[in-house]
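Single-structure report; data block below.
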Amino acid sequence: MQIPFVDLHTQYQQNKEAIDGAIAGVIADTAFIGGKYVRAFEASFAEMYGAKHVIGCGNGTDSLYILMKMLGIGEGDEVITVANSWISTSETISQTGARPVFVDIHPQYYSMDETLLEARITGKSKAVIIVHLQGQACDMNAISDICKRHNLFLIEDCAQSHFSTFKGKNVGLFGIAGSFSFYPGKNLGAYGDAGCIITNDDALAEKCRMYANHGALVKHQHRIEGINSRLDGLQAAILSAKLPHIHEWTKKRIENAGIYDHYLEGINEIILPIRRPDAKHTFHLYVIRAQRRDELAKWLKDQQVETAVHYPTALPNLPAYAYLGYSPEEFPVATALQHEILSLPMYPELTETQIQFIANSIETFYRK
Ligand SMILES: *Cc1c(COP(=O)(O)O)cnc(C)c1O
């Protein structure tokens with residue numbers, strides 16, 4: 001049995017008519033940049049998400065950059081973020097001219113350890129970017145409190161956590177703004193690069209929309225210099241066709257996580273994902289901690305089961321951040337876990353038979 005890490009093909013086959021129709025409509029209308037398909041997706045995402053403003057942009061990296069630029073973050077500032085994430089979270093901090101400051105991760109939940117955040121705050125701190133990694137919300141009570149007390153902007157990187165909640169509230173709505181990626185493999189994925197910003201702040205929304213479109217809200221009226229980072233019509237129409245299915249797909253992911261738990265429990269060499277009380281984990285990734293991780297991954301590959309590691313090197317340990325002068329010992333949890341974490345195949349279309357095969361293969365590895 002061949003099991004890919006992500007399977008975008010099955011979902012396309014199941015929704016072929018709607019998606020092909022969406023693409024054909026955009027081409028027939030030649031509504032490639034801006035236009036009604038982009039506005040329609042922004043409006044439906046805003047409504048479903050419960051956000052006042054949705055600003056489509058080119059991808060989930062730009063959305064972070066645009067937000068920080070429009071919050072006035074730049075040279076001389078520090079932005080605090082988490083030691084384990086995709087590099088977008090921290091590279092965009094550097095791109096504004098600010099300095100990324102990393103916080104170690106929680107040993108159970110793998111996202112920012114909120115108890116270590118306050119110690120990283122200095123007089124130069126301007127914002128905190130938290131990442132709801134793997135689809136599980138951070139402790140938003142603690143983190144919101146700290147940001148309020150120290151007057152820091154709270155930005156949520158929701159690239160892996162569409163419709164995840166903390167205490168029943170959607171992530172992305174706890175601070176000044178949230179950033180989303182619609183990269184094809186994300187829980188809500190386009191057929192190319194796409195992203196958006198959500199915020200309830202009118203002034204910030206207008207600035208972000210302007211900055212993402214060359215600093216102009218009206219053609220040729222450039223109030224500032226901006227960048228070119230727009231959601232395109234084709235991606236917007238595809239996202240609109242997929243959006244009505246998101247809750248059903250999320251439910252399937254959560255069910256599949258439960259099925260994995262069921263077949264994997266009892267294997268003492270691995271630790272299963274731990275759910276945070278009060279959080280709805282939407283399982284963008286199903287991550288285990290495994291003894292002899294690299295050998296296990298290789299064994300699974302030999303059984304034609306594709307796995308991945310998110311991420312093999314914690315951000316402060318990357319050559320890109322050597323200039324910050326951190327040592328791996330400052331991030332003991334992230335540094336240890338980068339050798340133990342393993343992401344197993346996870347998508348709504350994954351079947352129980354496939355999960356059972358993966359679990360049996362893992363069991364065989366440790367028993368052989
Ligand atoms: C995917 C991802 C991004 C970047 O999104 P792109 O759309 O690929 O630019 C940012 N942060 C995290 C945590 C991600 O997983």
Side-chain angles (χ1 to χ4, degrees), residues 5-6 8 38 41 45 54-69 79-96 100 102-103 105-106 109-112 127-138 143 154-164 171-172 174-175 177-198 208 212 227-232 234-236 238-239 242 253 281-287 308-316 318 320-321 334 337-338 341 343 346-347:
F5 183 67
V6 283
L8 302 176
V38 173
F41 173 70
F45 194 67
V54 171
I55 300 108
C57 51
N59 54 69
T61 307
D62 284 356
S63 50
L64 288 166
Y65 174 72
I66 293 164
L67 268 171
M68 281 186 275
K69 286 293 278 187
V79 177
I80 303 171
T81 192
V82 62
N84 186 33
S85 182
W86 176 239
I87 194 168
S88 301
T89 316
S90 50
E91 71 186 352
T92 48
I93 297 171
S94 311
Q95 282 157 12
T96 68
F102 295 104
V103 176
I105 61 172
H106 193 285
Y109 306 124
Y110 315 145
S111 51
M112 183 188 285
V128 174
I129 305 182
I130 51 124
V131 185
H132 305 294
L133 204 70
Q134 304 166 5
Q136 173 147 264
C138 299
I143 292 167
L154 171 57
I155 298 168
E156 293 172 78
D157 183 342
C158 306
Q160 301 188 6
S161 57
H162 312 69
F163 296 93
S164 301
V171 298
F174 287 85
S179 162
F180 286 84
S181 166
F182 303 117
Y183 179 82
K186 299 290 161 86
N187 285 21
L188 180 63
Y191 283 2
D193 277 313
C196 81
I197 290 164
I198 68 168
C208 289
I227 61 170
N228 177 3
S229 181
R230 298 172 297 214
L231 175 60
D232 77 62
L234 283 168
Q235 302 310 334
I238 291 163
L239 288 167
K242 292 176 84 175
R253 283 177 182 272
H281 192 328
T282 53
F283 286 97
H284 173 58
L285 299 170
Y286 185 91
V287 176
V309 176
H310 300 91
Y311 296 91
T313 309
L315 293 169
L318 286 168
Y321 293 110
L337 259 61
Q338 71 187 30
I341 47 179
S343 307
M346 171 51 84
Y347 28 94

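Small disclaimer: the values here were computed from a predicted structure and weren't measured. Each ligand, and each atom within it, is numbered from 1 in the order the structure gives.
Looking only at heavy atoms of the protein, atom 1 (C) of ligand 1 is closest to K186 NZ, 1.5 Å. Closest protein heavy atom to atom 15 (O) of ligand 1: Q160 NE2, 2.9 Å. Of the protein's non-hydrogen atoms, the one nearest atom 9 (O) of ligand 1 is T61 OG1, 2.4 Å.
Every N/O-N/O distance between L133 and ligand 1 stays at or above 3.5 Å. Residue D157 places at least one N or O, backbone or side chain, under 3.5 Å from an N or O of ligand 1. Checked against a 3.5 angstrom limit, the closest N/O atoms of S88 and ligand 1 fall outside it. Residue W86 has no N or O atom closer than 3.5 Å to an N or O atom of ligand 1.
In terms of the side chain to side chain donor-acceptor pair (under 3.5 Å) criterion, residue partners of Y321 (sequence neighbours excluded) are, by chain and number, S90. Qualifying side chain to side chain donor-acceptor pair (under 3.5 Å) partners for S161, counting only residues two or more places apart in sequence or in other chains: none.
Interface of V131 with ligand 1, defined as ligand atoms under 4.0 Å from a residue heavy atom, comprises 13 (C).
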Task: CA sep, side-chain torsions, deciding dist, call: F182, F41, side-chain contact (heavy atoms from CB on, under 4.5 Å) - done: CA-CA 12 Å; F182 303 117; F41 173 70; 3.8 Å; yes

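Remark: L64 CG to I155 CD1 distance equals 7.0 Å, nearest 0.5 Å.
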